[in-house]
2 protein chains.
Amino acid sequence: MTKDGKKTNGIVTLKEVAAALGLSTMTVSRALNDRPNVNPETKKRIQEVATKMGYTPNHVAKSLVSNRTYTIGVVIPEIGHAFFPEVVRGIDEISSEANYQIFLTNSSEDFEKEKRSIEALRAKRVDGILVSTSIKSTDFSFFENLKNTGIKIVFFDRCIYNLGISCIGVNDRVASRQITEHLIKNGYKKIAYLSGPPEVTIGRERLAGFREALTNAGIEINEDRIVETGLTEIDGKEAMNKLLALPKQDRPDAVATVNDPSALGAIEAIKEYGLSIPEDIAIVGFTNEVRASIIDPPLTTINQPAYDVGKRAAYKLLRTIENENEPVENVELIANLVIRKSCGSNS
Amino acid sequence: MTKDGKKTNGIVTLKEVAAALGLSTMTVSRALNDRPNVNPETKKRIQEVATKMGYTPNHVAKSLVSNRTYTIGVVIPEIGHAFFPEVVRGIDEISSEANYQIFLTNSSEDFEKEKRSIEALRAKRVDGILVSTSIKSTDFSFFENLKNTGIKIVFFDRCIYNLGISCIGVNDRVASRQITEHLIKNGYKKIAYLSGPPEVTIGRERLAGFREALTNAGIEINEDRIVETGLTEIDGKEAMNKLLALPKQDRPDAVATVNDPSALGAIEAIKEYGLSIPEDIAIVGFTNEVRASIIDPPLTTINQPAYDVGKRAAYKLLRTIENENEPVENVELIANLVIRKSCGSNS
DNA sequence: GAATTGTATGTTAACGATAACATTAATCTA
DNA sequence: TAGATTAATGTTATCGTTAACATACAATTC
């Protein structure tokens, strides 16, 4: 409290600025927000005093009036996967330009944490949410209910379809088919697949692309060579060890994987087993994360435009927020094949 | 508008729940916040109706009353550096446990963007800010003024000292000295250094550690072999090329670097120049990011406990927010030497 | 010069929630 | 059984800002 009985917690309010000037708060508000009908001289005086007093507008109060927070929530499943920080970089790029702040939450692939985070974001009245689902997000009704509360949502990378929610992803299925076709072109026949969890779109789509490639090439699919596993290095290593334990005639001569981390884990397993890449077993990844180009041998993979996914997703969400009639759409960005040595190509 | 003239934007308020029950908002508020003096039966009825109506508390309004947002701002200089996502993971871990949300902003090493972000965070009335400064954050008075506004701040990794602001970092100087000593122990004499920008603590401290090691060992410091450069791969490559262009007798037999990315860039330069590592030139990094262990040859480096830095920084900030008398402190976490092949050791 | 228009400013109510105080009815105390 | 206590609920004011309406006065119009 000051001596005249007014409270001061150090943060200057409009009212205090107004009192210092002998004006009403409304006039001060108008001046600081560049509204019309303020005497230019008054305005200048107000701005000077406001600056001198260290006034910062209180967006909490503004939000309460305007029902807009200029804040979006970003829900990612694993910040430790190099793909996601790049996506976040893209999201930040677009949203900071538009003067939105982002709440980042990391679910660590835990659906319960994901749900709690989203509840908290709702309570904080974010204007919209960008979501990449965890591998355990199997209860679609949660997102359906969420959507029915009226909050704007855009999925990215890992989407749930048929909910009337936009999705920004990559052409997973086609890219997966292409990289598999590349292995086939290089002469491999006994091609195995380290598949991601079927609960997420990327898991299903990439596996589907793999199957398409084999089927199109008339190669019979040996289900024993398709190993369902997780998305981490450790998962990849474990799954590869299972394949290496197969009888020699069943062992694959090439392996396609759901993503780079699992490919890196598989490479470790193959090396430890004493086999060489690509001579004994060829391998390809999916993501093109930072390690792909420097691993020995360099990993043939699919380049996923993570930064662009982030930009596009943020852009779509902002449009959905600001435009009542923004249509729901499914965007597939192009992920292209990056040929290195691990697949037996010599380029 | 509904037929009885009340507005509904889809989001249910306390007042609406109260009206539906024929109670006052206060009773409903008490019931939903588990306050005493509510009839257990009434409480149960209120909770049921609130759930049925899909009520979510409005934290914006709560914040206006309580003057607390349960929100912290995180300002990082480059989300593309693998170190920072790990730090963010640690921050998220602690803050989500304590029911705080984090605003993430990426300055891209741009001081102006950093300042704008911090202003925005202030306007959003975050309870505190975690900052790792950009390499261009040279105007210390900005942070001094910021601190004087009363907002709680904790620096991490890249700090500014003597401002009365806590800092959670690692023992950069000592670790840098140790890794240089390791090179000396391995018999190298003409040791060069790719130094980071002197504007950030890590740049100054690590260089100081390097100098200490040479001085302690009685090795004269050749200033031509200390190249000031940035923190990225490209910077490292450029700087290394300068060293490679020195007359042969001046060329270093070993290189220490400010961080792993610059070491990786330098490795590229050395390889392209046709020299081999560590036979012709040994090299060491600093960070122990994901690529360090899989590059050829594996990179000897300093393991920086990024995740722990994030946890400790978040913890310190929350304590500073919630405890009026929390002391200012400088915490140095221990970063330890990780010996691999690039330094000429055979372990 | 009365009526009109426009400019600069002020007043009141509202956003959604809670703190602080007020009321009512039931229960206890001596 | 009067008076005090407690439990359950309600009323009012407030957080910082802005929308909507209100006022005062100067400048313009006919």
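Below, each value reflects all heavy atoms present in this structure, side chains not excepted, and no hydrogens, waters or symmetry copies. Numbers restart at 1 for each chain; the letters A, B, ... are given by sequence-line order, proteins then strands.
Here A:Ser29 reaches the OP1 or OP2 of D:dT18: one of its side-chain N or O atoms lies under 4.0 Å away. For B:Lys62 and C:dT18, the shortest distance from a side-chain N or O to OP1 or OP2 is below 4.0 Å. Of the side-chain N and O atoms in B:Asn33, one or more sit less than 4.0 angstrom from OP1 or OP2 of C:dT18. Dashed line: the shortest gap from a side-chain N or O of A:Lys15 to OP1 or OP2 of D:dT17 is not under 4.0 Å. The shortest distance between the side-chain N/O atoms of A:Thr42 and the OP1/OP2 oxygens of C:dT9 is below 4.0 Å. In terms of phosphate contacts, B:Arg35 brings a side-chain nitrogen or oxygen within less than 4.0 Å of OP1 or OP2 of C:dA19. Between A:Thr27 and C:dG10 there is a side-chain polar atom (N or O) within less than 4.0 angstrom of OP1 or OP2.
A distance-only check finds no donor-acceptor pair linking the side chain of A:Ser108 to the backbone of A:Asp110 [under 3.5 Å].
For B:His59 and C:dT18, the NE2 to C1' distance is 13 Å, given to the nearest whole Å. Atoms CE (A:Met26) and P (D:dA20) sit 10 Å apart, rounded to a whole Å. Taking atom CG of A:Asn37 as the reference point, atom P of D:dA20 lies 15 Å away to the nearest angstrom. Here the C1' atom of nucleotide D:dT9 and the NZ atom of B:Lys43 are 15 Å apart, to the nearest Å. The distance from atom CG of A:Leu64 to atom P of D:dT17 is 12 Å, rounded to the nearest whole Å. Atom CZ of A:Arg45 is separated from atom P of C:dA8 by 14 Å (rounded to the nearest Å). B:Leu32 has its CG atom 13 Å from the C1' atom of C:dG16, to the nearest Å. Distance CZ (B:Arg125) to C1' (D:dG16): 9 Å, rounded to an integer number of Å.
Inspection of the A:Gln101 and A:Ser95 side chains reveals no N or O donor paired with an N or O acceptor under 3.5 Å. The closest side-chain donor-acceptor pair between B:Thr71 and A:Lys124 falls under 3.5 angstrom.
Within 3.5 Å, a donor on the side chain of B:Arg30 pairs with an acceptor on the base of D:dG10, or the reverse.
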**Asked** Given the rule in the salt bridge (Lys or Arg N to Asp or Glu O under 4.0 Å) test, do B:Lys311 and B:Asp92 qualify, once you have shown the distances and angles that lead to the verdict?
**Response** CA-CA 8 Å; B:Lys311 281 178 78 163; B:Asp92 177 82; over 6 Å; no
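Heavy-atom nearest nucleotides on DNA chain D were determined for B:Ala61 and for B:Val38, and the one closer to the 5' end corresponds to B:Val38.
Taking only side-chain atoms of B:Asn39, from C-beta outward, the nucleotide of D:dG10, D:dC15, D:dT9 with the closest atom is D:dT9. Side-chain atoms of A:Pro40 lie closest to C:dA8 of the nucleotides C:dA8, C:dA17, D:dT17.
Contact annotation for A:Pro57: backbone-only contact, meaning every heavy-atom pair under 4.0 Å involves sugar-phosphate atoms and none involves a base.
Aromatic pair B:Phe143/B:Phe155: ring centres closer than 6.0 Å.
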